[in-house]
There are 2 protein chains.
Amino acid sequence: MKAGAIKIGELARATGTKVETIRFYEKIGLLAEPSRTEGNYRAYGPAHLGRLSFIRRSRDLGFSLDQVRALLSLSDDRNQPCDAIDLIAREHLRAVDAKIADLMALKQELQSIVGQSHSGSVSTCRIVEALEPLPH
Amino acid sequence: MKAGAIKIGELARATGTKVETIRFYEKIGLLAEPSRTEGNYRAYGPAHLGRLSFIRRSRDLGFSLDQVRALLSLSDDRNQPCDAIDLIAREHLRAVDAKIADLMALKQELQSIVGQSHSGSVSTCRIVEALEPLPH
DNA sequence: TATGGACCCTGTAGCCACTACAGGGTCAAG
DNA sequence: CTTGACCCTGTAGTGGCTACAGGGTCCATA
């Protein structure tokens, strides 16, 4: 193993990623295949570490793997990527906003069903009534 | 086909569910197998309609299929289901709240990366900088 | 009677982003 | 020389559908 090279477990710890996930990213072509040791262990260098950190950070921000792929290839091209990257990020922000709005509406409806009487009294199943469509 | 019985397509239209989804619910045991016509078509009655409406409504409210299964069996047992149902609903509400909080935090972070300068100027890629871990 | 089209059937594979095995091999410490 | 931590490949499973492929049924029209 070359100086500075690390094994998959170390890379996993360094980036907060599971070992299986790293292998998965390699399989789908998101993370480049590293060289191997004599014993056929993956040997990662600093470039892999940087790349995987970028991926992790993007994933944590909720970007899809396809979006991450696009972000990676755009950020590699150091000519005029900003507009395209901006677009992806803004689009994602829009989607997050939409999701929040959805969930807020959902919450409202759930609350109106459950009722805010948090006291332990038995609530004669308004919930079932709210779910059931037909009179019975 | 008995009087009042409907075919899968009609049930789908009546409940706003896709035909494939109805068959899927049947396969996983969520919706009872209906009787069949001579031509081997599924023939649904009013009970199926009620049941599927209940399922749809619960799904729309974000309950998982396992939760729906529990809600169904609890609401069938007309003795003392209320507490258990209440618990499921409240737990779901809690999960929705947590999800909303997650997304709000995410939105904050995304916004700070994208920047609120909505004017079309090129923003010298703060986004990439924010994603990249290492100085280069 | 033939034919077209709308509908239905079964069964399987694909989607996303992992996660969890099973069944082995490698390597360093004791 | 054995133990145990780590690594390897490959496959199957998760949730909740969705999309075929390759047929069958039913009804109306020509």
Side-chain angles (χ1 to χ4, degrees), chain A residues 1-2 5-31 33-44 48 51-52 54-72 92 95-96 99 102 106, chain B residues 1-2 5-31 33-44 48 51-52 54-72 88 91-92 95-96 99 102 106:
Chain A
M1 192 136 91
K2 276 183 189 166
I6 58 174
K7 286 187 287 182
I8 198 168
E10 294 167 78
L11 182 63
R13 269 188 298 278
T15 57
T17 315
K18 295 200 175 177
V19 167
E20 293 90 343
T21 305
I22 297 178
R23 287 196 283 249
F24 168 72
Y25 286 163
E26 180 182 319
K27 193 163 63 180
I28 64 170
L30 203 59
L31 193 61
E33 292 183 29
S35 54
R36 299 288 181 123
T37 66
E38 291 173 19
N40 199 32
Y41 286 12
R42 286 170 179 83
Y44 295 97
H48 289 103
R51 198 79 165 178
L52 183 54
F54 186 106
I55 295 170
R56 277 292 313 181
R57 176 111 180 91
S58 305
R59 290 290 300 131
D60 283 349
L61 287 168
F63 289 98
S64 73
L65 288 186
D66 269 1
Q67 284 174 320
V68 175
R69 220 184 284 272
L71 289 174
L72 279 171
H92 179 45
V96 169
K99 188 84 197 166
D102 271 9
L106 189 62
Chain B
M1 193 135 93
K2 275 183 189 167
I6 58 174
K7 286 187 287 183
I8 197 167
E10 293 167 80
L11 182 62
R13 269 188 298 279
T15 57
T17 315
K18 295 202 174 176
V19 166
E20 293 91 344
T21 305
I22 297 177
R23 286 196 284 248
F24 168 73
Y25 286 163
E26 180 182 319
K27 192 163 62 179
I28 64 170
L30 204 59
L31 193 62
E33 292 183 29
S35 55
R36 299 287 181 124
T37 65
E38 290 173 21
N40 199 31
Y41 285 14
R42 287 170 179 83
Y44 295 97
H48 288 103
R51 198 81 166 179
L52 183 54
F54 187 107
I55 295 170
R56 277 292 312 181
R57 176 111 179 93
S58 305
R59 291 289 300 131
D60 283 349
L61 288 169
F63 289 98
S64 72
L65 289 186
D66 269 1
Q67 285 174 319
V68 175
R69 219 186 286 272
L71 289 174
L72 279 171
I88 293 174
E91 162 60 25
H92 179 45
V96 168
K99 188 84 197 167
D102 271 9
L106 188 64

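Note that this is a predicted model, so its numbers are computed, not measured.
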Practice prompt. Evaluate the criterion side chain to side chain contact (heavy atoms under 4.5 Å, CB included) for residue pair B:V68 and B:Y25; output intermediate values, then yes/no.
Written response: CA-CA 11 Å; B:V68 175; B:Y25 286 163; over 6 Å; no
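- Within residues 57-67 of chain B, the residues having any heavy atom under 4.0 Å from DNA chain D are, by residue number, B:R59, B:S64, B:L65.
- If you measure from atom NE2 of B:H92 to atom C1' of D:dG15, you get 15 Å, rounded to the nearest angstrom.
- With sequence neighbours left out, the salt bridge (Lys or Arg N to Asp or Glu O under 4.0 Å) criterion links A:D102 to no other residue.
- Every residue two or more places apart in sequence or in another chain that forms a side chain to side chain donor-acceptor pair (under 3.5 Å) with A:D60 is listed here: A:R56.
- Annotation: the terminal axes of the helix from C:dT1-D:dA30 to C:dG30-D:dC1 meet at 30°, where each axis is the rotation carrying the C1' atoms of four end pairs onto the next four (5 pairs per end, rounded to 10°).
- Scored by the side chain to side chain donor-acceptor pair (under 3.5 Å) test, B:R23 finds no partners at all (sequence neighbours excluded).
- The stretch residues 19-31 of chain A touches DNA chain C through A:T21, A:F24, A:Y25, each having a heavy atom under 4.0 angstrom from the strand.
- The CZ atom of A:F54 sits 13.0 Å away from the CG atom of A:L31 when rounded to the nearest 0.5 Å.
- With sequence neighbours excluded, no residue forms a side chain to side chain donor-acceptor pair (under 3.5 Å) with A:T21.
- Under the rule for a side chain to side chain donor-acceptor pair (under 3.5 Å), B:R59 has no partner lying at least two apart in sequence or in another chain.
- B:E26 is linked by a salt bridge (Lys or Arg N to Asp or Glu O under 4.0 Å) to B:R42, counting only residues two or more places apart in sequence or in another chain.
- Evaluation of the ring pair (Phe, Tyr, Trp, His ring centres under 6.0 Å) rule for B:F63 yields B:H92 as partners, not counting sequence neighbours.
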Would you check, one step at a time, whether the test side chain to side chain contact (heavy atoms under 4.5 Å, CB included) holds for A:K7 with A:T37?
CA-CA 9 Å; A:K7 286 187 287 182; A:T37 66; 5.7 Å; no
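- Interatomic distance, B:R69 CZ to B:I88 CD1, rounded to the nearest 0.5 Å: 12.5 Å.
- For B:R36, the salt bridge (Lys or Arg N to Asp or Glu O under 4.0 Å) criterion is met by no residue, not counting sequence neighbours.
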Per-nt protein contacts along nucleotides 24-30 of chain C (heavy atom under 4.0 Å; B base, S backbone sugar-phosphate only, - none) come out as -BBS---
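- Within the 4.0 Å cut-off from OP1 or OP2 of D:dC6, not a single side-chain nitrogen or oxygen of A:R42 is found.
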